[in-house]
There are 2 protein chains.
Amino acid sequence: MRRQILDAAWEIARSEGLDGVGMRKLAAAVGMRAPSLYEYFPGKDAIYDAMFAEGNEQLGAAHRALPAPAEVGARRALINSTQAFVEFCSADDARFQLMFQRSVPGWRPSDEAYALAVENLERLDSFLAQCGIEDADSRDIWTAIVTGLASQQVTNDLGGQRWIRLIEQTVDMFLGARGPA
Amino acid sequence: MRRQILDAAWEIARSEGLDGVGMRKLAAAVGMRAPSLYEYFPGKDAIYDAMFAEGNEQLGAAHRALPAPAEVGARRALINSTQAFVEFCSADDARFQLMFQRSVPGWRPSDEAYALAVENLERLDSFLAQCGIEDADSRDIWTAIVTGLASQQVTNDLGGQRWIRLIEQTVDMFLGARGPA
DNA sequence: GTCTATAGCTGGATAGAC
DNA sequence: GTCTATCCAGCTATAGAC
């Protein structure tokens, strides 16, 4: 039942925006009345929280599914992970906004949910290290580039390929500046 | 009086978030009651709209104040404009969110206000062209990089220098990939 | 121009019957 | 577990007195 409620919440968020998720509307979407939702979640914030956690689990799973840098080489690994990330963001703008922008007034993820986000950041760090990117400045430049590609793709060409298809070129630009291959 | 109201609105937005700007609170901040605000603005959306327009005017002014690429060369021009932009974003996160993120549920800029944003984008295009960046792919990569730097700076180190100080290095990376100087 | 008063709505959450 | 009924708080906006 929690599953059904969360699915409905995602659907409303995708079609009407994150702020469109209200207790009455959400309950109606699963054939209930608002008060019944409190049997499954302590409140509305807990629903956003579960969504935030779920998004981070999905991102973690997508990242774990990538081949290791040792297998495919740093260049290919960076391309793969960037494509996976930008496509992940672009596949669901409501999820992107919930996870990476502060677009739900008055809501902040709980500590437990946020821990999943930190876990993903740590996984990324270790992935970058395996790609030979270990100094802090390079990591910061890298994260700026990747989040920039993702936000442009989501904001200006949702569901398209406009920035996704520039990823290889961008990775080569980044690697080229770190010394010739 | 419109000026005073807008100043108060910015102040509330900065301290409590954009959604903290309400008619009662805003009126109280200028020593009025809510209904009196309707003498100066037709409604709340018009206030967001005026703020959006004002932000874009400020950005335009900041950009116009930059030395021309012909004077300082492409590299310096790109560094200057990126620093100016990231600092502009980082100086006021409420303004950043209003202008570049969709963080006011239910509000969209009016056509007139949006025209100012388009004007700024066109100015940027012409600036980039003067820097020798004319193909669409390079422009897209460039905007991704710049917005990425800005969003990382605003989100993770507001008011600091963590990404601002990486701008020179990033511009060199970008230019390096376009053929040796 | 500014006010009081209030309409009219929407939202999350709770009490208590069944 | 689900419901009806309702509370309570918030909001924008308007009517009409002064």
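Chain naming here is simple, since letters A, B, ... match the order of the sequence lines and numbering starts at 1 in each.
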Sub-4.5 Å side-chain heavy-atom contact between A:E39 and A:M1: no

Can you pull every protein N or O that's under 3.5 Å from an N or O on nucleotides 13-15 of chain D?
unit_1: D:dA13; atom_1: OP2; unit_2: B:Y38; atom_2: OH; d: 3.0
unit_1: D:dA13; atom_1: OP2; unit_2: B:K44; atom_2: N; d: 2.8
unit_1: D:dA13; atom_1: O5'; unit_2: B:Y38; atom_2: OH; d: 3.4

- prompt: In whole angstroms, how far is the P atom of D:dC11 from the CH2 atom of B:W107?
  reply: 19 Å

- request: Give the rounded distance in Å between these two atoms: CZ of B:R33 and C1' of D:dC11.
  value: 17 Å

- request: Give a yes/no answer on whether the side chain of A:S36 brings an N or O atom under 4.0 Å of OP1 or OP2 in D:dG1.
  value: no

- request: Quickly work out the A:D19 CG to C:dG12 C1' distance and round it to whole Å.
  value: 15 Å

message: Whole angstroms only, please: what is the CD-C1' distance between A:E39 and C:dC18?
response: 14 Å

message: Can you confirm whether the side chains of A:S138 and A:R178 place a donor and an acceptor under 3.5 Å from each other?
response: yes

For atom CD1 of B:I47 and atom C1' of D:dT12, their distance in whole Å: 11 Å

- prompt: For B:R2 and C:dG1, what is the distance between atoms CZ and C1' respectively, to the nearest whole Å?
  reply: 16 Å

- prompt: Do B:Q152 and A:T143 get their side chains close enough for a donor-acceptor pair, meaning under 3.5 Å?
  reply: yes

query: Does NZ or CZ of B:R95 lie under 6.0 Å from the centre of the six-membered ring of B:F88, at an angle within 45° of the ring axis?
result: yes

message: With ring pair (Phe, Tyr, Trp, His ring centres under 6.0 Å) as the rule and sequence neighbours excluded, what pairs involving residues 109-161 of chain B come up?
response: B:H63-B:F127, B:W142-B:F174

- prompt: With a 4.0 Å cut-off on heavy atoms, is B:Y40 in touch with a base, just the backbone sugar-phosphate, or nothing at all?
  reply: sugar-phosphate

message: Quick check: do B:Q97 and B:V154 have side-chain heavy atoms less than 4.5 Å from each other?
response: no

statement: A:D49 atom CG is separated from C:dG12 atom P, nearest whole Å, by 16 Å

query: Between A:M32 (CE) and C:dA13 (C1'), how many Å, whole number?
result: 17 Å

